[in-house]
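What follows is one structure encoded as structure tokens, with my remarks underneath.
Both counts, for ligands and for their atoms, begin at 1 and track the order of listing.
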Amino acid sequence: MTATRLDVLSIFPDYFAPLGLSLLGRAQTEGLMSLQVHDLRSFTSDRHRSVDDVPYGGGAGMVMRPEPWGDALDAVLDSGAPEGGAVPTLVVPTPAGALFTQARAAELAKRPWLVLACGRYEGIDQRVVEHYATRVDVLEVSLGDYVVNGGEAAALVIIEAVARLLPGFVGNPDSLVEESHALGGAPAPLEYPVYTRPPTWRGLEVPAVLLSGHHGDIAAWRHREAVRRTAERRPDLAHPSQTLTVAGLEAPTGAEGAASRVEVRLARAADAPELLVLQRCCWVEEAQRNDALLLPPLTESLDDVRASLGEWQTFVVRSADRLVGSVRGRLAALDGTERRWDIGRLMVAPDLTGRGLGRWLLSHIEEAAPPETTSYSVFTGRRSERNLRMYRRAGYRRSRAAGDDDVVTLVKPVPPPSSP
Ligand code: 6GU
């Protein structure tokens, strides 16, 4: 493994002094990466060493001239590829770039040679990007929806994000996998809150479950906290809402055709009133069939439903601004290494049953289970034949666990991950 080469071009080379500190400094001394910072001004030829000029077409601010950039980038790119003739990647931080994500960081970490061009003012003459795009891979990237004064701060962030993904950078590679925005696959939820000693600080206690030593309880608590945070802070990350097509569902506007688009997303507090209505409606039949009027879905208050959204990962299906289905799941605390994903409140509006929406919701909530899940579990009334049939078809089998005679619990093991 040859060291990743990093070249940074800036009119403020001192800005990059912090890269000599801490883990990043060690990564360089240990040969994981080699970093060189170049002063753009040393590639100017005029007496004033000017790097900017007024924008063509008018407007506020100044634009970076292409000539110093061309000379500087030529010098860096011509200074030779690392062993093996590696192709450089030119990274241009700009608020007008594509979003710099963890996936992008992971991709950059695989490249042998990154050149970061830090612009100031209103940006770099666009022909610089245009020209180098014919010679190397060019990426214009933005950190997010805000503006900082120059590409330097962004370049520091990008370098930190990339460097820590280089093989051998972090002592414990597990810590990379577990954290927020973990690599690959679906966006991971935000991390759960963490605590260390002392157990009481300024009157605040560490959550008791973390001191219990019960690994099952701890895993379940952490998962719930992560889900709660993600739903609250980053509903876009939790499970980006998707649309699906359900046959026979009339489009609201009376559009042609028998299928309409249906939105699926994580439930928010504002969905609670409609969830309450739908669960009361959907559980009446279940109550009659099983001679049990006091089922929780019928007796819960609006506050109960609201509170449940913090405890369960709840999905709602909406069509034409109307809640037409829902399902929820949460990790149950068990002994040992067993982690059971409890699935419940699977409901479909009575006018929309028989279209496969229930089965779709069931597989959706199975897919939402965290990776450590070892089994899925559902329950229903003993006499709810329709539910029982659907669960059986989906691979669920009666659990022998003792319990209420009127309720049937069904479980399904999670298939072990297929080995590569
Ligand atoms: Cl990459 N550059 C600047 N100047 N501002 C930003 C940014 C980049 N990303 C977010 N804001």
Side-chain angles (χ1 to χ4, degrees), residues 4-19 21 24 33 35-41 43-44 50-70 72-73 76-77 88-111 113-133 136-166 179-181 183 187 190 233-234 236-237 240:
T4 301
R5 176 172 172 186
L6 283 170
D7 287 279
V8 180
L9 293 91
S10 161
I11 56 169
F12 296 120
D14 292 346
Y15 212 106
F16 297 90
L19 291 178
L21 300 174
L24 281 163
M33 60 181 217
L35 171 77
Q36 279 195 74
V37 183
H38 312 269
D39 185 356
L40 183 73
R41 279 195 207 279
F43 297 91
T44 53
S50 76
V51 292
D52 61 332
D53 204 338
V54 295
Y56 273 123
M62 300 292 273
V63 174
M64 293 195 102
R65 300 169 46 220
E67 301 94 324
W69 278 110
L73 286 166
V76 168
L77 297 179
T89 299
L90 178 60
V91 179
V92 185
T94 162
L99 192 64
F100 181 71
T101 58
Q102 189 62 29
R104 181 72 75 188
E107 189 202 315
L108 292 183
K110 290 189 200 132
R111 305 200 178 193
W113 184 7
L114 302 178
V115 180
L116 288 107
C118 303
R120 281 263 145 187
Y121 319 112
E122 298 305 306
I124 305 172
D125 187 302
Q126 192 63 34
R127 289 170 295 181
V128 173
V129 162
E130 217 178 293
H131 170 77
Y132 286 97
V136 298
D137 242 352
V138 181
L139 295 170
E140 292 178 275
V141 294
S142 162
L143 295 188
D145 296 336
Y146 47 84
V147 176
V148 296
N149 253 336
E152 285 77 8
L156 281 176
V157 170
I158 293 165
I159 292 168
E160 284 238 11
V162 170
R164 59 191 290 289
L165 298 179
L166 298 176
E179 64 194 60
S180 302
H181 311 122
L183 308 179
L190 302 184
R233 301 175 183 182
R234 295 295 305 275
D236 58 314
L237 265 192

Steps toward salt bridge (charged side-chain N to carboxylate O under 4.0 Å, His left out) verdict (Arg111, Glu107): CA-CA 7 Å; Arg111 305 200 178 193; Glu107 189 202 315; 2.6 Å; yes

Salt bridge (charged side-chain N to carboxylate O under 4.0 Å, His left out) assessment of Glu130 paired with Arg127: CA-CA 5 Å; Glu130 217 178 293; Arg127 289 170 295 181; over 6 Å; no

Step-by-step side-chain contact (heavy atoms from CB on, under 4.5 Å) determination, Leu143 to Ile158: CA-CA 8 Å; Leu143 295 188; Ile158 293 165; 4.1 Å; yes

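Under the side-chain contact (heavy atoms from CB on, under 4.5 Å) rule, Met33 has a single partner from Leu24, Leu114, Leu19, which is Leu24.
Within the 4.5 Å cutoff, the side chain of Val63 has no heavy atoms near those of the Tyr121 side chain.
In this structure a side-chain-to-backbone donor-acceptor pair under 3.5 Å is present from Tyr132 to Gly70.
Near ligand 1, Pro93, Thr94, Pro95, Val141, Ser142, Leu143, Gly144, Tyr146, Val147, Val148, Gly150, Ala154 each place a heavy atom less than 4.0 angstrom from the ligand.
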